[in-house]
Trainee: 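Before I ask anything, here is the structure I am working with.
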Amino acid sequence: IVNRTSDPYVKFKIAGKEVFRSKTIHKNLNPVWDERVSLLVESLRDPLYVKVFDYDFGLQDDFMGSAYLYLESLEHQRTLDVTLDLKDPQYPEHNLGSLDLAVTLSPKEGDARDATMLLRRNWKRSSKCQSMRLSDVHRKAQLWRGIVSISLIEGRGLQPMDTNGFSDPYVKFRMGHQKYKSKTIPKTLNPQWREQFDFNMYEEQGGYVDITVWDKDAGKKDDFLGRATIDLSLLSKEHTHKLDLPLEEGEGVLVLLVTLTASAAVSISDLSVNMLDDPHERHQIMQRYNLWRSLHNLKDVGVVQVKVIRAEGLMAADVTGKSDPFCVVELSNDRLQTHTVYKNLNPEWNKVFTFNVKDIHSVLEVTVYDEDRDRSADFLGKVAIPLLNIQNGERKAYALKSKELTGPTKGVIFLEIDVIFNAVKAGLRTLIPIEQKYIEEEPRVSKQLLLQNFNRVRRCIMFLINAGCYINSCFEWDSPQRSICAFVLFVVVVWNFEFYMIPLALLLPLAWNYILITSGKDTRQDQVVEDLLEDEDEDFDKDDKDSERKGFMNKLYAIQDVCISVQNALDEVASYGERIKNTFNWTVPFLSWLAIVALGVATIIIYFIPLRYIVLAWGVNKFTKKLRDPYTIDNNELLDFLSRVPSDVQVVGKDRLSPHSMVFTHFV
């Protein structure tokens, strides 16, 4: 196809929507795939659009040619060998090679048609159909069959790539379109990661997980250390497998723990078919998550059902003054979408989405896009709804927000949400590490974001300074009444101090703020929210665009890395300060009640059990933890708890805008 080595992969589109992406074949100009996929086709009038790309790590993939397969020309129930000549629409005279397919067109129930294709490749594997159009059949459609849980334990004997004789290794996992990236361990050839990642498994017979190991380099392209592959079809389910994977094209071994477990129902259906409207099925689900089953399958915290009804007053994204909207519903790493309603600013979807809840502190995100045939979908609006804020069975109109969730955009969406969960499981899951999101965009330097994070840290520091000034004013007798009360309190507490009073003292601000909130005096800092909203100005987009200018960023790459590190460090420091404040301010009542229970239990334990026994038990547990389970993943329960408490920035993003505060103009 070209006069150099390429890493080709193929994308398939129907009616402008990507429905499948093949595996990447590395360093090959004559790739063989042998990959099979079934696609639901709504209309034979829509041709299958095939595009070939060259995968470039860290860069935009290169276009290698495209072709159309016209489905109306195919015969039913007969496999045809088809050769597609690849062309570049801008240079149609250029010969870019060809692609061989074996295509079978067969009828499926209802009016849909099932086109089965075989894309040849030099080893067989299965792959899921991405972003498939939803069939309009009145039944539940199961989307994934199970969960693949991978614990990345350690690496041994990796290849040294730096001048100091070491490497800074990190690992990338990929299963279909699901991707994860581990943390980077600096200056070592035997890294200890101790991280866990979960993938959705779409095929009963398994699939493949591709693993690559990289050496992190600041200011230049990361070095490749090796690759490995896990064939899930060789692993038994409901059992943990310890795998020592030698790295191909490199040196060393990766140690992993892999577990395949069955998943409860995750589905899409029409409004006429949904489980919670059936009294018998709803009763069964309530029984599954009642308190008597609190210690059964701790990972299955609950279930959430989302009814996406309709949207009104959407933004016109096309030159015709209309849009082609579809809706994407996301919960953690689970992602489902509706069909597209063409040429409509007031679409009705009437779809029901069902998800399993693994963390009750997850945020349900509903995003509306405009479908475009030849390019990526246009963003129309988004809402973010914490599961703990959901009021079951209420149909509500949510005003759509911008991508950053900081301000309104045009349109509202009508949703009805039900969440059923076990409170004990939810509380226990709060004390384990939060589930990581799939690999997201690399962070970029933003003057606006850097300034915002600096102001957040400054507010936290000012709170400590003000608290110190208040205490100092008691010593200075600025207010004799206050100083006398403080002196008496100091003498009484010091004279009668016991260690159990520490958690007891932390209970007091929780109780005080709860009383203020229930009496109508909300102590949460509305001014902080206003300050954060004021920080969102027009310079944000301009700043981000400037950071994308390649010439400038290539010259200042090292400075950019430093700025990103400072920006993220400020964000982390400010976030923890705000999360501690929001715990005591009852921003998330579930977490504040959980803190009260934990502090109450700590008070009772410290009161009745001598401190030396508590410290001894803690030390014995820490020293013997790795002896009891060599592959345990370390965690800090307090930090895991705080990771579920939203910072002020997250509070702003999750606040619901009232649709009545928005103005819609209709030009006739």
Side-chain angles (χ1 to χ4, degrees), residues 9 21 23-24 26 55 57-58 61 125 127-128 130-131 143-155 158 167-186 191-203 206-216 222-232 235 240-243 245 247-248 250 252-261 263 266 299 330-336 355-356 358-359 362-363 365 429 432-443 568 631-635 640 643:
Y9 66 89
R21 172 175 168 166
K23 170 65 179 175
T24 302
H26 294 277
Y55 174 75
F57 172 75
D61 296 346
R125 62 180 285 192
S127 178
K128 73 185 183 73
Q130 288 288 334
S131 302
L143 294 215
W144 50 85
R145 308 296 182 87
I147 303 295
V148 181
S149 180
I150 298 178
S151 296
L152 174 61
I153 305 301
E154 62 185 5
L158 300 183
S167 292
D168 305 316
Y170 66 91
V171 182
K172 284 187 174 183
F173 297 88
R174 178 170 180 167
M175 183 178 175
H177 279 243
Q178 304 171 81
K179 302 176 186 178
Y180 281 113
K181 178 180 176 181
S182 75
K183 60 187 177 185
T184 301
I185 308 297
Q192 298 276 331
W193 282 287
R194 310 281 168 153
E195 293 183 86
Q196 181 175 323
F197 312 95
D198 289 338
F199 293 91
N200 293 329
M201 186 166 59
Y202 290 82
E203 302 290 343
Y208 287 78
V209 179
D210 297 319
I211 305 169
T212 53
V213 186
W214 301 84
D215 168 48
K216 180 71 174 178
D222 296 346
D223 297 319
F224 179 73
L225 295 179
R227 71 174 72 251
T229 302
I230 304 174
D231 186 352
L232 299 178
L235 304 180
T240 299
H241 305 267
K242 178 178 176 290
L243 304 180
L245 301 178
L247 294 178
E248 302 173 8
V253 174
L254 285 184
V255 180
L256 307 173
L257 299 181
V258 182
T259 307
L260 277 62
T261 56
S263 175
V266 179
K299 289 187 176 181
E330 296 178 83
L331 184 66
S332 297
N333 286 317
D334 297 338
R335 183 180 188 274
L336 303 175
F355 296 93
N356 290 117
K358 292 176 282 187
D359 189 342
S362 299
V363 177
E365 295 183 354
R429 291 282 292 177
I432 67 173
I434 195 169
E435 181 183 5
Q436 293 191 31
K437 292 283 284 184
Y438 294 155
I439 293 178
E440 298 177 347
E441 293 183 4
E442 291 291 329
N568 292 342
Y631 303 113
T632 184
I633 296 176
D634 296 329
N635 71 298
D640 292 335
S643 68

Trainee: How long is the span from the CD atom in E154 to the CG atom in L254, to the nearest 0.5 Å?
Mentor: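 Nearest 0.5 Å value for the CD-CG distance: 9.5 Å.
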
Trainee: Hey, could you give me the CZ/OH distance between R174 and Y208, rounded to the nearest 0.5 Å?
Mentor: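 Going from the CZ atom of R174 to the OH atom of Y208 covers 16.0 Å.
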
Trainee: Within the side chain of D223, is there an N or O that forms a donor-acceptor pair under 3.5 Å with the backbone of D215?
Mentor: no

Trainee: Is the distance from the ring center of Y180 to that of F173 below 6.0 Å?
Mentor: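 Not close enough - the centres of the two rings lie 6.0 Å or further apart.
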
Trainee: Is there a side-chain contact between T229 and V209 (heavy atoms, below 4.5 Å)?
Mentor: no

Trainee: Is there a side-chain contact between F197 and S182 (heavy atoms, below 4.5 Å)?
Mentor: yes

Trainee: Once side chain to side chain contact (heavy atoms under 4.5 Å, CB included) is applied, do any residues pair with I432, and if so which ones, sequence neighbours excluded?
Mentor: R429, R644

Trainee: For residues L158 and L247, determine if any side-chain heavy atom of one lies less than 4.5 Å from a side-chain heavy atom of the other.
Mentor: yes

Trainee: Closest heavy-atom contact between I211 and L256?
Mentor: CD1-CD1, 3.6 Å

Trainee: Got a second to check how far K181's NZ is from K172's NZ, nearest 0.5 Å?
Mentor: 5.5 Å

Trainee: How would you list, by chain and number, every residue that makes a ring-ring contact (aromatic ring centres under 6.0 Å, His included) with Y9, sequence neighbours excluded?
Mentor: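 If we apply the ring-ring contact (aromatic ring centres under 6.0 Å, His included) test to Y9, skipping adjacent residues, the hits are F53.
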
Trainee: With sequence neighbours excluded, tell me which residues meet side chain to side chain contact (heavy atoms under 4.5 Å, CB included) with V148.
Mentor: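 I150, M175, F199, M201, L232, V258, L260.
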
Trainee: Between S362 and L331, which heavy-atom pair has the shortest distance, and what is it?
Mentor: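 Closest pair (atom of S362, atom of L331, distance): CB-CD1, 3.8 Å.
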
Trainee: List the residues meeting side chain to side chain contact (heavy atoms under 4.5 Å, CB included) with S151, not counting sequence neighbours, and say none if there are none.
Mentor: I153, Q196, L257, I633

Trainee: For K183, which residues count as a side chain to side chain contact (heavy atoms under 4.5 Å, CB included) partner, sequence neighbours excluded?
Mentor: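 Listed in chain order: I185, W193, E195.
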
Trainee: Does any donor atom in the side chain of S149 or D198 lie under 3.5 Å from an acceptor atom in the other side chain?
Mentor: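 Yes, D198 and S149 have a side-chain donor paired with an acceptor closer than 3.5 Å.
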
Trainee: What's the verdict on side chain to side chain contact (heavy atoms under 4.5 Å, CB included) for L245 and I230, showing C-alpha distance, side-chain angles and the deciding distance?
Mentor: CA-CA 9 Å; L245 301 178; I230 304 174; 3.8 Å; yes

Trainee: Minimum heavy-atom separation for L225 and P169, please, with both atom names.
Mentor: CD1-CB, 4.1 Å

Trainee: Looking only at heavy atoms, which two atoms of R227 and T212 are closest? And how far apart?
Mentor: NH1-CG2, 3.7 Å

Trainee: To the nearest 0.5 Å, how far apart are CG in L235 and CG in L243?
Mentor: 6.0 Å

Trainee: Just jot down the side-chain hydrogen bond (donor to acceptor under 3.5 Å, both in side chains) partners of E248, sequence neighbours excluded, or say none.
Mentor: none

